[in-house]
*Asks:* 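Below you will find the structure I want to go over with you.
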Amino acid sequence: AVPEESAPKPALGLLDAIGLIVGMVIGAGIFQTPALVAANLGSDFTIILFWVLGGVISFIGALCFAELATAYPHVGGNYHYLYRTYGRSVAFLFAWARMTVAQTGSIALLAFVFGDYASQIFSLGAYSASIYAATAIALLTVINIVGLQPGKLTQNWLTAAKVLGLALVIVIGLVIATPETPANAVTNSTPSWGLAMVFVLLSYGGWNEAAYISAEIRNPRRNMVRSLMFSIGIISVIYVAINLAFLHGLSAAGMAESKAVAADLMRRALGEPGSVFMSLLIAVSTLGALNATIFTGARTNYALGQDFPLFRFLGQWQSQSNSPNGALWVQGAIALSLIVYGSLTRNGFETMVEYTAPVFWFFLLLVGIALFLLRIREPNRSRPFRVPLYPITPLLFCATCAYLLYSSLVYTKSGAIVGVIVVALGIPVLYWQKQLMNSNQ
C-alpha cells in the first residue's frame with residue numbers, strides 16, 4: 001500500500017480534465033489528415049460523413065472507458081484494467097511498450113512536429129527542428145515535475161489558445177476564403193474508405209488517455225463520464241467545422257492535392273501572414289498535445305514502479321508537487337534519446353508513426369475485451385456508469401480496434417516489426433523481474 005501522503009490526490013476539476021483530453025486529441029493530426037482523407041474519398045458529403053462517423057466511433061469507445069474508469073479509478077488507467085483482467089505479465093508488457101514505444105514515441109513525434117513548424121517562424125540552423133523538439137520536451141517535463149498545478153495550468157492555457165486559433169481558422173475558411181475550383185469536385189474515382197477511416201480515427205486518437213486521470217479527478221464517478229462526453233463533443237464539432245472550412249476554402253480536389261491543407265487555406269485567404277499564423281497555431285497545438293502526453297504517460301510508469309520492484313524508482317509520488325517525478329525524469333530521458341535518433345536519421349517522424357500504431361491498437365483491443373471479462377468475473381462490483389446497449393456497444397468498439405490493428409499492420413509493414421521487436425524485448429526483462437522476486441522470497 002502507498003502511504004497516503006505520497007499517493008495521487010484528486011486535484012483535477014472537470015474543466016482541467018476536459019482541457020487535458022481536448023489538448024491530447026487535437027494535436028498535429030487535424031492539420032495533416034484532412035488532405036489524406038479527401039484524397040481517399042469521392043465527394044464533399046462522404047468527407048464530412050466520415051468525420052462525423054469518427055466522432056461517433058470515439059463516443060462509443062468513450063462510453064466503454066467511462067465504465068472502466070468509474071468502476072476502477074486508478075492512476076495506472078489501462079495498465080490497471082489489464083492487470084486485473086490478464087495478470088502481471090500482460091500488464092507489465094503493456095507498461096513496457098508504453099514506456100519504450102507508444103508514449104515516448106508519441107512524445108518525440110509531437111516534438112518533431114513542433115520543431116518543424118517553430119523552425120518556419122524562426123530557424124536555428126541545420127538542426128533547428130531537433131533543438132526545438134528537445135527544448136520543448138525538457139521544458140514541459142520540468143514544468144510537470146515542479147508540480148501538478150503548473151502542469152495543469154500550462155495545459156489549460158495551451159488548450160484555450162488552440163481552440164480559439166482553430167475557431168479563427170474556421171471563420172476565415174467559411175467567410176473569407178473562396179475556392180478556385182468547384183466545391184463538389186471529385187477527388188478519387190475509386191474511394192478507399194478503409195484507409196480514410198484510419199486517418200480520421202488517427203486524428204481522434206487520444207481520448208482514451210482520460211483513464212490515467214481517474215485517480216486524480218475530483219468526484220470521479222460523475223466527472224469522468226462528463227469530461228469524456230463533453231470532450232468528444234467539442235472535438236467532433238471542431239473537426240467537422242474545420243473540414244467544412246477546408247472544403248469551402250480549397251474544395252475537395254484542392255484538399256486532396258494539398259501538402260499543408262491548413263497553411264494553404266490561410267495563405268489563400270490572408271497571404272503569407274496567414275501562413276505564418278498557421279505555423280504558430282500548429283506549434284501551439286502540438287505543444288498542448290505534447291504536454292498532455294507527458295502528463296498521462298508518466299502515470300503508467302508510476303503504476304509499473306508500484307507493482308514491480310525492479311522499477312521501484314518509478315513508483316515514487318512526490319507529495320509536495322503531487323507528481324510522479326521519477327517516472328517523469330525517465331520518460332523525458334527516453335523521449336530525448338528518440339529525438340537524438342530522429343536527428344541522425346531524419347526519418348524519425350515517419351518511423352515513430354509506423355511502429356507505435358500496431359502496439360497501440362493491440363493493447364486497446366485487449367482493454368475493450370477486458371470490459372466483458374471484468375463484468376463476468378466481478379458481477380457485484382459497483383459500476384456507477386454502465387455502458388448503454390451492452391454488449392453491442394463494446395462489441396462495436398472491439399471490432400473497430402481489431403480493424404485498425406489489421407490496417408496498421410498492413411499499411412506500416414516494416415515499421416510495425418520494429419514496434420513488435422521492442423515490445424518483445426520486455427519479455428526477458430519480465431523474466432529477470434520474476435527471478436529477482438523469487439530470489440527475495
Side-chain angles (χ1 to χ4, degrees), residues 1-24 69 72-80 83 91 95 98-99 103-104 106-107 110-111 134-160 209-224 227 287-337:
V2 185
E4 184 177 350
E5 66 274 14
S6 61
K9 300 178 181 64
L12 297 173
L14 176 62
L15 290 179
D16 298 323
I18 292 174
L20 271 168
I21 298 170
V22 173
M24 175 76 69
Y72 307 96
H74 192 276
V75 70
N78 292 350
Y79 168 85
H80 182 64
Y83 193 108
R98 189 168 162 86
M99 181 172 63
Q103 201 72 0
T104 46
S106 296
I107 290 171
L110 287 166
T135 301
I137 291 174
L139 178 61
L140 292 175
T141 297
V142 169
I143 288 175
N144 281 276
I145 287 172
V146 170
L148 177 67
Q149 190 68 19
K152 73 176 185 179
L153 286 176
T154 299
Q155 186 62 48
N156 290 344
W157 280 108
L158 287 171
T159 299
E209 296 293 302
Y212 298 97
I213 62 174
S214 59
E216 297 176 78
I217 189 171
R218 293 189 289 268
N219 192 6
R221 293 188 173 187
R222 181 185 182 191
N223 285 337
M224 276 306 304
S227 64
L287 275 182
L290 178 59
N291 186 68
T293 307
I294 289 171
F295 182 96
T296 57
R299 270 62 187 169
T300 311
N301 297 342
Y302 165 78
L304 176 68
Q306 286 288 299
D307 294 329
F308 293 89
L310 185 62
F311 296 92
R312 186 175 289 115
F313 60 95
L314 298 174
Q316 304 298 317
W317 195 277
Q318 301 299 316
S319 58
Q320 186 174 358
S321 61
N322 199 16
S323 61
N325 287 2
L328 283 164
W329 281 119
V330 171
Q331 176 181 259
I334 295 174
L336 286 173
S337 69

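Residue numbers start at 1 and run along the sequence shown.
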*Asks:* Would you check if the side chain of Thr104 reaches a backbone N or O of Ala335 as a donor-acceptor pair within less than 3.5 Å?
*Replies:* no
*Asks:* Do Asn291 and Leu287 have side chains that approach each other closer than 4.5 Å (heavy atoms only, starting at C-beta)?
*Replies:*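 A side-chain contact is absent here, since even the closest heavy-atom pair is not under 4.5 Å.
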*Asks:* Would you mind telling me which of Asp16, Leu12, Ile18, Leu15 makes a side-chain contact (heavy atoms from CB on, under 4.5 Å) with Ser227?
*Replies:*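 Result for side-chain contact (heavy atoms from CB on, under 4.5 Å) with Ser227: Ile18.
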*Asks:* Do the non-hydrogen side-chain atoms of Phe295 and Leu148 ever get within less than 4.5 Å of each other?
*Replies:* yes
*Asks:* Please check if the side chain of Asn301 supplies one atom and the backbone of Leu314 the other of a donor-acceptor pair under 3.5 Å.
*Replies:*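 Side chain of Asn301 to backbone of Leu314, a donor-acceptor pair under 3.5 Å: no, none is there.
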*Asks:* Testing the basics here: between Val146 and Ser321, what is the closest heavy-atom pair and its distance to 0.1 Å?
*Replies:* O-CB, 3.3 Å
*Asks:* Are any side-chain N or O atoms of Gln331 and backbone N or O atoms of Ile294, one a donor and one an acceptor, separated by less than 3.5 Å?
*Replies:* yes
*Asks:* Does the side chain of Phe311 reach to within under 4.5 Å of the side chain of Met99, using non-hydrogen atoms?
*Replies:* yes
*Asks:* Give the minimum heavy-atom separation between Asn144 and Gly151, together with the two atoms involved.
*Replies:* OD1-CA, 3.9 Å
*Asks:* Between Tyr79 and Phe308, what is the ring plane arrangement, given parallel below 30°, perpendicular above 60°, and tilted in between?
*Replies:*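 Correct class here is perpendicular.
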*Asks:* Does any non-hydrogen side-chain atom of Gln103 lie less than 4.5 Å from one of Thr296?
*Replies:*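 Thr296 vs Gln103: side chains touch.
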*Asks:* Could you give me the CA-CA distance, side-chain angles and deciding distance for Asn325 and Trp317, then say whether side-chain hydrogen bond (donor to acceptor under 3.5 Å, both in side chains) is met?
*Replies:* CA-CA 7 Å; Asn325 287 2; Trp317 195 277; over 6 Å; no
*Asks:* Taking the side chain as everything from C-beta on, heavy atoms only, tell me whether Glu216 gets closer than 4.5 Å to Val75.
*Replies:* yes
*Asks:* Looking at Gln316 and Pro324, would you say the former's side chain and the latter's main chain have a donor-acceptor pair under 3.5 Å?
*Replies:*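 Judged by distance alone, no pair lies under 3.5 Å.
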*Asks:* Without swapping roles, check the side chain of Gln155 against the backbone of Ala292 for a donor-acceptor pair under 3.5 Å.
*Replies:*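 Here the side-chain-to-backbone pair exists.
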*Asks:* About how many Å separate OH of Tyr302 and CG of Asp307, when rounded to the nearest 0.5 Å?
*Replies:* 9.5 Å
